[in-house]
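All remarks here apply to the structure that follows.
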Amino acid sequence: MPLPTPEGYRVMDEAGLRDLLAGVPEVAGQLGGDSAGWTIREVGDGNLNLVFIIEGPDGGICVKQALPYVRLVGEGWPLDLNRAFFEYRASVIQAEHCQGLVPQILHYDPKLFLIVMELLSPHIIMRRGMTEAVDYPNFVAQITDYLARSHYFTSDLALPAAKKKAMIAEFCPNTDLCKITEDLIFTHPYMVHDLNRWTSPQLDRWAEAWRNDDQLKLAISQLKQDFLSRAEALLHGDMHTGSIMVTRAETRVIDPEFAFVGPIGFDVGKLIGNLLLNYFCHDGHENRPGERDGYRAWVIETIQGVWHGFATKFVELWDGHRTGDAYPSDLLPDGSPALRQAQAAYMARLWNDTLRFAGASLTRRTLGLAHNADLERIEDPDRRAACEKRVLELSRDLLVNPGSYATIEQVTARAEALRARDGA
Ligand code: SR1
Ligand code: MG
């Protein structure tokens, strides 16, 4: 029995898409020529959706359609089609604040749960580039603009309370996608669960240790509570290097289908966690020890730059755009010591959140369902497991002892020390 879907919904194929797009003048105009001559390819290799690239004589576009189930798992895991709507809405909001850093949306079809957007070319998924040790000189400057602006301008620091509450209400129903995160990141890797997987038998004892570690289970449960309850700003919701497309000059953040109003540190921490994971993966890819030392140094610099750039820009926005209802200037005048104190406390909490969410993302990519190509592409399981053990060790420390890291340099130093200790 196929899964029930709303009237008017059908899974798109080449012919259906050709007809549909031919009927949307602004899209057909962008492709040019006769629709019969357009080339259409399904290229989706993500966990959830169909993705098509359509090319005509005048240009190309990208189409993303939600399936009524999790593509990675199949029809046994039904999934709300409305995620396409949340992605569309988040994309529109983010484009207001982060122009040039997100793909342009050309059309949304509410019956087909289908988004037509700008084709990013020659951009590639950043994770692919980073797994092959490609550096991106403009990445830090651009991603920190995105992180600071998308979060600041959707927070209570910039928005009046009524607008902020309306935004919370709009994204609140994205419960299916939040539930994926709640389960896959904050719960399953710390218990016995059919969906978990890891490099076995090398990591069997590590997975068991994670399940028996009360301190760790308390830390991840407290973090889950923060994720569930802290409505700070509109989040991307899946902010990792697989959700970023790059050239050496440009950065674009894609795929905000997990968007909801939550703790800012979740996005920042997830990105930093994924960069840390990439740092560790190169021991499994290099042809001779040390071959990728230069690249590792770039990754470390990038991790540091992401935190510093984000934190600096966020506070600058706060100083320059005090348009929200939180921390009113009537009580805390511009430039006053009291405002500085409020900012320092806010950023200290965000830092602590960032560390813990980074830690959580490291464990979920090693012991949970969805792994990262950075590590998955290491063919030799012994070499892969050696990298994964360092990932897990750092993960636990960030989750359980975030207070022992005062600076991002201390985090990267710890990552470097783990490699050095193992003689990597
Ligand atoms: C079943 S979806 C698995 C993961 O893919 C997405 O990229 C999210 O990270 C999600 O947790
Ligand atoms: Mg995605």
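Note that ligands are numbered from 1 as they come in the structure, with each ligand's atoms numbered from 1 the same way. Just the heavy atoms: all of them, side chains too, but no hydrogens, waters or symmetry mates, feed the values below. Residues take their numbers from the sequence shown, with the count starting at 1.
For the pair Q142 and Y136, the minimum side-chain heavy-atom distance is 4.5 Å or more.
Atoms of ligand 1 found under 4.0 Å from any heavy atom of H240, numbered from 1 in the order shown, are 7 (O). The contact set between ligand 1 and A370, taken as ligand atoms under 4.0 Å from a residue heavy atom, comprises 3 (C), 4 (C). Applying the 4.0 Å criterion to heavy atoms of V70 picks out, from ligand 1, the atoms 1 (C).
In this structure, atom 10 (C) of ligand 1 lies nearest to the protein heavy atom R364 NH2, 3.6 Å. Looking at atom 4 (C) of ligand 1, its nearest protein heavy atom turns out to be N47 ND2, 3.4 Å.
Residue contacts with ligand 1 include K270, since one of its heavy atoms falls under 4.0 Å from the ligand. Heavy atoms of R365 approach ligand 1 to within less than 4.0 angstrom.
Taking the six-membered ring for Trp and the full ring otherwise, H321 and F153 have centroids separated by under 6.0 Å.
Note: an N/O pair closer than 3.5 Å links D238 and ligand 1 by distance alone.
Counting only N and O atoms by type, the side chains of W307 and T354 include no donor and acceptor under 3.5 Å apart. No side-chain donor-acceptor contact under 3.5 Å links Q202 and R384. E26 and H107 form no side-chain donor-acceptor contact under 3.5 Å, judged by distance and modelled atom types alone.
Under 4.0 Å is where a charged nitrogen must lie from a carboxylate oxygen, and between R149 and D145 no such pair does.
Sequence neighbours left out, the pairs with a member in residues 111-120 that pass side-chain hydrogen bond (donor to acceptor under 3.5 Å, both in side chains) are E118-R252.
If you look at D255 and ask which of its N, O or S atoms sits nearest the Mg ion (ligand 2), the answer is OD2.
With a heavy-atom cut-off of 4.0 Å, I180 touches ligand 1 through its side chain alone.
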